[in-house]
Structures are given as structure tokens and as C-alpha cells.
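Both backbone and side-chain heavy atoms feed into the values below; hydrogens, waters and symmetry mates do not.
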Amino acid sequence: MSRAELIEMAKHSLAHARAGTIDQEPDVMQIPASNYFDQQRWQLEMDRIFKRVPLMLAMSCEIPEPGDYKAMEAVGVPVLISRGQDHQIHAFVNMCSHRGAVIMDEGTGNTHRFTCPYHAWSYDQKGALIGVFAPGDFGAIDRSCYGLKALPVAERAGMIWVTLDPHSQLDIDVFLSGYDSLLNQFGFADWHMFEQRIVAGPNWKIAYDGYMDLYHLPILHKETFGPQMPCQALYYAWGPHQRVSSPDPRLALLVEQPEDEWSDDVLLGGVWTIFPHISIATFEGGGRSVMISQLFPGTTPQESFTVQNYLMARAPDENQARQAREQFDLLKYVVEEEDYATGLKQQRALMTGIRDHVLFGRNEGGGHRFHRWLDRIIETEDADLNELFASAAPNQALSAG
Ligand code: FES
Ligand SMILES: [Fe+2]
């Protein structure tokens, strides 16, 4: 089914390429400039978006084996993701039930138990409290009440989503809106994590807007990617998640071949975003490597950081590793010195308050949809979140014709 959807998108793209058109939004959209720096707005985004919707926090290939774990902080919450002996994924708040110490240091590893560095209480891979140091001295407690606090978690398409609210009733599959079946076409579960880097940036939305924006490519990146990059974008949406690609005349070459021979690399091109903070960038000709960017808000509205994950379909040999590192260096340079350097200045300019709104053109549908979803989620109460995502039409661009 999802491959059929990929083929449908390729045909849609080719039709636009031949006609020289794109799908335009009905109008130019205004967004309040203060959305990018107002403290109250930012807090709402943290509390009502980042702490309520599932976040893609880890790739399956980071913790492939039983006993593997990843500890990290997401929006101030210490998170521990572990793979049990049965290969099932679990997620917890990385906080000890004794007096709240953070148990595992950030990073990945393999262990059969999680032992707190403060007084050595220990927990198994399912979060159960299995060891209390000097229990006779400590006194009796009901251990079954003092396991690690579990977080909702799901592993789909070689990626792991965690919801930071332990009481969330939002169904992760409802939130994914079928998008994971498309992402599954990459086969990320068997890929190889080549390298990870961290880049500091401006307000998380200033940074994230750029990942959905092809309009700037031949302009801002004229010295690096080159002016031959397309500036026209097509957007396909599954709930709040969007694929961005360009009308591609080279797809015409595919039409000569039977559909089941159309190559996945071509069908999967472009940028795949996962709401609210992930971008998967594919590379021309080398569809066997991607850069997956995870954007995290910092501690104030003016800052964010991005974890860049460079994944390869297979572990590279020496030569491939050298080429991959060169490409990754270039990507980091482009994001840091072109996108985020521009964004940091944009941030300061917006914070003067002199301009009260910014614009997204009829050609920038990705931004329209992203900002509309932010507002809708912020306005929705916990009990209605499932309905909000369930009511979104699948693959909107195609269903709209
Ligand atoms: S806080 Fe973890 S054992 Fe005391
Ligand atoms: Fe860019």
C-alpha cells in the first residue's frame, strides 16, 4: 500500500514538473512574529506540544540488541529507553524512585540492570525495582510501587517514539496517521548509525521552518549546494507529518519502466519531516544514506540544539566512510554557517518587535500546515487529542488532487 502511495506521489510530482506548476495554498499566511520569542507562547509549546505528543527520540539501530539502552534528556525530562531480553522496547523517566537521582548517564550502552549512582538501588530492563541497598537498615517498602516511571513508547519503521507524559492517553499510532508505513520503506531498522553531531541554533521553530522550505535553497545555499537546487516544493501530509519534495522532471525516465521496477531511491527522495521536530534528508544518487535531524528546544525561546544523525544503509568501508564524513562535514557547515547563522540573526531582528508578523507564501504550504497544527494542538485538551489526529485526512495533497 505505501509503495503504491510512493508511486502515486511520483506521478503527481511528474505531472507538476511537466506543467511547471506546484500545489499552492489559497492565500499568503501571516504568523505573529512574537510566536518566535514570546516566553508564554514558548512555554505553551513545551507543555502542550513537546510534553504531550510522541517524540522520535531514538533510532532502533542505536539500541539493536537485548539489554541495549539509551539515556538522554528531552525538553528537560531525563529519559531512559531500553530493549528487553524479548527485544521489546521500554521507556522510563531516568529518575530513581528513592530520592530522584538521575540513574544512567547520557549515552548508549548495554546492561542487565540499571543501578543508581547515589545509593545503588537497581532496576531491571522492564523498570522493576530489583535491588535496595542495605534493605534491613532502610526499612520495609512495597517494591512493586517503586519501579521506574514508565512512559508510552512505540517502535515503528526502525524508529522509537516516546511520549514524555506518563499519563498520556494519546495512541502513538493514531498520532502517526499511517506515516510510519511510508517511512518503513527506508528499512531503517537494519541501517547503521555512522556518526552524530550537535549544532546550536535559534528558536526551534525558526530552525524547523527551514527544513520544510525549499524556497530558500538556491539563494541562501548558493555557495554550497549550488544555485541549481529547486526552489519549488510539493508537500504531502499525513496528519501533522509532511514529506517535502520538488516537481522532478527526471521522474519522466521512470515512466519508461514498469512500476514495480521504479527504484526506491527515487521514490523516497526529498525531505521527510516528523512532527514536531524531526527532518529526514535524503541525498541524490546516494539514497542509501540520510541525515536525520532531531531539533530540541533549549532552555529559553531563543535557543535550540539539533542532533544530526548520519545513517547509512550498510556499515561503510574505509573509502565510503571518508566520502560520508566529507558529506557530513558539508551538511554540518551548511546548517551551522548558512541556515542557523541566518536564523540567529533573524531571531534577534524579530525580537526588536518592530515587525508584528511574518509571511508564508502560497508556495510555502509546509509552513502553513506546521504552524496551523501547532495552534490546533495547543488549543486541544488532553481528552480530545486522539480525535484531533484521527480526524486528519491521510495524504492530503493527493486526496485534494
Ligand atoms: S537516589 Fe537512587 S538510590 Fe538513592
Ligand atoms: Fe537551508
(message) Quick test of your reading of the model: are Lys11 and Glu259 salt-bridged, counting only N-O distances below 4.0 Å?
(response) yes

(request) Report yes or no: do Gln232 and Ser246 form a side-chain donor-acceptor pair below 3.5 Å? (result) no

(message) For Thr342 and Gln346, which I'm curious about, is there any donor-acceptor pair between the side chains at under 3.5 Å?
(response) no

(request) Of all the heavy-atom pairs spanning Ile81 and Ala58, show the shortest one and how long it is. (result) CD1-CB, 4.0 Å

(request) Could you tell me whether the side chains of Thr306 and Tyr340 share a donor-acceptor contact shorter than 3.5 Å? (result) yes

(request) For the pair Trp262 (side chain) and Gln257 (backbone), establish whether a donor and an acceptor sit closer than 3.5 Å, ignoring hydrogens and angles. (result) yes

(request) Report the residue from Thr163, Val162, Val53, Asp180 that forms a side chain to side chain contact (heavy atoms under 4.5 Å, CB included) with Ile172. (result) Thr163

(message) If the condition is ring pair (Phe, Tyr, Trp, His ring centres under 6.0 Å), which residues does His357 pass it with, not counting sequence neighbours?
(response) none

(message) Taking the ring centre of each residue, are Phe50 and Trp204 less than 6.0 Å apart?
(response) yes

(request) Evaluate the ring planes of Trp191 and Phe188, with Trp represented by its six-membered ring, and classify them as parallel (under 30°), tilted (30 to 60°) or perpendicular (over 60°). (result) perpendicular

(message) Can you see whether Gln347 engages Asn203 through a side-chain donor-acceptor pair at a distance of less than 3.5 angstrom?
(response) no

(message) For the residue pair His167 / Asp382, report whether a side-chain donor-acceptor contact shorter than 3.5 Å exists.
(response) no

(message) Which residue is it: Phe175, Trp238, Phe275? I am looking for the one with a ring-ring contact (aromatic ring centres under 6.0 Å, His included) to Phe389.
(response) Phe175

(request) Would you confirm whether the ring centroid of Phe370 sits within less than 6.0 angstrom of the ring centroid of Trp373? (result) no

(request) Answer whether the closest heavy-atom distance between the side chains of Val271 and Ile280 falls below 4.5 Å. (result) no

(message) Taking the ring of Phe328 and the ring of Phe194, is the distance between their centroids below 6.0 Å?
(response) no

(request) Would you check if the side chain of Thr111 reaches a backbone N or O of Phe114 as a donor-acceptor pair within less than 3.5 Å? (result) no

(request) Flag the pair His192 / Cys61 as yes when at least one side-chain heavy-atom distance between them is below 4.5 Å, and no otherwise. (result) no

(request) Quick one: sort the Phe296 and Phe305 rings into parallel, tilted or perpendicular, breaks at 30° and 60°. (result) parallel

(message) Holding to side chain to side chain donor-acceptor pair (under 3.5 Å), I want the full list of residues that pass it with His98, two or more places apart in sequence or in another chain.
(response) His119

